[in-house]
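Below is one structure; the comments refer to it alone.
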Amino acid sequence: MQTLRHLIGERWEESTGADIVTVVDPATEEAFAHFAAASPADVGRAVTAAADAQPRWAALTVTERVGHIDAWAETITAHAAELAELECREMGKPVGVGRTFIDGATAGLRAAAAQALTYPFTETMTGPGGERTDIVRHPLGVTAVITPWNFPVPMVLGALGPLLAAGNTVVVKPSERSPVSTVRLFELAESAGLPAGVLNLVLGEGRTGAALTEHEDVQLVHFTGSVAAGRSVGGATGRRLRRCVLELGGKDPVVVDAGVDPVATAQAVAFGAFINTGQICTSMERIYVHERIADEFVEALVAAARTFTLGDGTEPATVLGPLVDERQRDTVRRHVEDAVHKGATVRTGGAVPERPGYFYPATVLTDVDDTMLVMTEETFGPVAPVVVVPSFEEGLARAADSRYGLAATVYTHDPAHITAAAHLPAGVVWVNQWQGGGPERLYEPARDSGMGATGAHAAYDAATRPTSIHHAPAPAATR
Ligand code: TXE
């Protein structure tokens, strides 16, 4: 049984807290690691270590800070296979899937940090009367990153680039379900030479996250997780008049128009609904398909679902790993049972397999309606509920009718339909391809899916505070 510790400044430390948390392999249901959750005192020491290190870190040049981040990215790439295996063990992600996303996130870390080299940390403006104003963007100081379990390594890397490159130091609290790969990630940061105290790590559950969010010296909290916890984080930072960036849950729609290839589109939708066992905030959770191609589309979607081989994530053939834990599997099972009880038809999947582990098969439902949980609540599992609509317009209208607004996808050849889709209340609208867009992509979730723009220079605007220094001539001496 591996014992995990916190990284506070330059030391890996035991907790002063006594709440023991175990980490369970969801494929075997066996515990393989544990840790004592960080107490508020431990959190306080981590924030102090970050505060002590921040002036020296900010005093480096942007190029020096980007150089440190690049060196860390080098070691991450060299250890990507090991990190993917740790993710697989702690939350079930098949190693092939994990590796792809870790490589992508490492490239994203480099690209986001590199944007610091062109970001206007200082600007000089001249007013109409020739007066000069300097705009200087200062780092905020100590920041916090709180991450969920669905992409343990990528979620940390996705938040850190601009925060670090802008001169902030960070305290990270990963999900209690998947801390092991993040511990390893921080060991690699140390070996890559990142100065002590720049990155600190506290392990714990929601209570530890709350202690971090409420700490008076934390100037910004970057949170990814559920809407419920996001509301708590937003409230805590709001009361302290400090910033937060919230990337929360979603119930993302996909609208499939007549005229597109039903088979190729169904295969793309299967990927968007089932990859990572449906545990992606932007997974396709609601599918609206034009009646003209619905039969062919559903038949192809069922066939594609059956190619998602379920099994142990260390097996190369496995595409569908287990859900992260029993609670998550129960949520998925409850949503499907609710739909069937209300009249939905299970076209494939729909039952917990007889085997150890928190597995659930790729499931396609038809005859669904908006009274069902699978259409209104975030399922966060491998379930594809299909609604047949008489027109693309009807599909768009149904897609827009949700309290969430994270992302949306449309498949259509019709330029007018693409124009209409751009008005969906979502942070990202993907046209004819699910996922995509590099670090220049700028977006902000809509409605309950979060707040705070990220990507492109928005991440640096969030990581810095601008001061305007306005110059006027000194009063002339009279003697
Ligand atoms: O999220 P939580 P969980 C959704 C998905 C999932 C549900 C619950 O629907 O079923 O959220 O997942 C920390 N103050 N998403 O339980 O509880 C917590 O310790 C500060 C979508 O993982 O939000 C963990 O580190 N921190 C999401 C992190 O927040 C708190 C991905 C996320 O935990 C806290 C994951 C508090 N009050 C889940 N309470 C996405 N958008 O990708 C918890 N935490």
Side-chain angles (χ1 to χ4, degrees), residues 19 21 23 26 35 37-38 40 43 90-93 101 105 144-152 154-156 158-159 171-179 181-182 201-215 218 220-240 244-252 275-283 285 323-335 358 360 373-374 376-383 403-407 426-428 435 443 445-452 454:
D19 295 335
V21 181
V23 185
F35 62 88
V43 169
E90 64 190 354
M91 50 73 61
K93 194 191 303 291
F101 282 95
V145 169
I146 298 173
T147 54
W149 42 262
N150 58 334
F151 286 95
M155 286 289 181
V156 171
V171 181
V172 173
K173 195 213 71 74
S175 172
E176 55 278 20
R177 292 177 179 78
S178 58
S181 55
T182 305
L201 180 68
V202 290
L203 306 177
E205 300 170 306
R207 280 193 305 273
T208 301
L212 185 55
T213 303
E214 287 155 9
H215 194 289
V218 170
L220 173 140
V221 179
H222 189 291
F223 176 85
T224 305
S226 64
V227 172
R231 287 185 196 284
S232 171
V233 172
T237 50
R239 277 190 298 279
R240 293 197 298 112
C244 66
V245 175
L246 304 175
E247 296 198 12
L248 308 179
K251 191 67 190 174
D252 287 2
I275 198 68
N276 206 41
T277 315
Q279 300 170 122
I280 304 181
C281 51
T282 53
S283 280
E285 292 234 354
L323 290 155
V324 66
D325 60 14
E326 191 162 24
R327 185 182 84 172
Q328 197 59 37
R329 205 259 304 276
D330 288 347
T331 298
V332 175
R333 174 167 53 187
R334 180 165 49 83
H335 281 197
Y358 309 121
Y360 198 87
L373 293 174
V374 279
T376 54
E377 295 301 319
E378 189 172 37
T379 304
F380 223 60
V383 179
R403 66 186 177 92
Y404 293 101
L406 203 54
V428 182
Q435 302 295 336
Y443 68 95
R447 297 178 168 166
D448 286 358
S449 288
M451 62 183 254
T454 49

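In listed order, ligands and their atoms are each counted from 1.
Residue R327 places a heavy atom less than 4.0 Å from ligand 1. Residue contacts with ligand 1: F223 is included, with a non-hydrogen atom under 4.0 Å away. Taking a 4.0 Å cut-off on heavy atoms, P174 registers as neighbouring ligand 1.
Taking all heavy atoms of A229, A236, P445, S226 into account, the minimum distance to atom 7 (C) of ligand 1 is reached by S226.
The protein heavy-atom contact nearest to atom 41 (N) of ligand 1 is L248 O, 2.8 Å.
By the criterion of a heavy-atom distance under 4.0 Å, neither the backbone nor the side chain of Q279 is placed next to ligand 1. Counting heavy atoms under 4.0 Å from ligand 1, residue E176 touches it through the side chain alone.
For a threshold of 3.5 Å applied to N or O pairs, the pair formed by T213 and ligand 1 contains no separation below that value. The shortest N or O to N or O distance between T147 and ligand 1 is under 3.5 Å.
Taking a cut-off of under 4.0 Å to the non-hydrogen atoms of V233, the atoms of ligand 1 that pass are 14 (N), 20 (C). Close approach of ligand 1 to E247 is summarised as follows: ligand atoms under 4.0 Å from at least one heavy atom of the residue are 41 (N).
Classification of the F380-W149 ring pair by plane angle, with boundaries at 30° and 60°, yields perpendicular.
For E176 and K173, the salt-bridge test passes: some basic side-chain N is under 4.0 Å from an acidic carboxylate O.
With hydrogens and angles disregarded, no donor-acceptor distance shorter than 3.5 Å links the side chain of R333 to the backbone of Y360.
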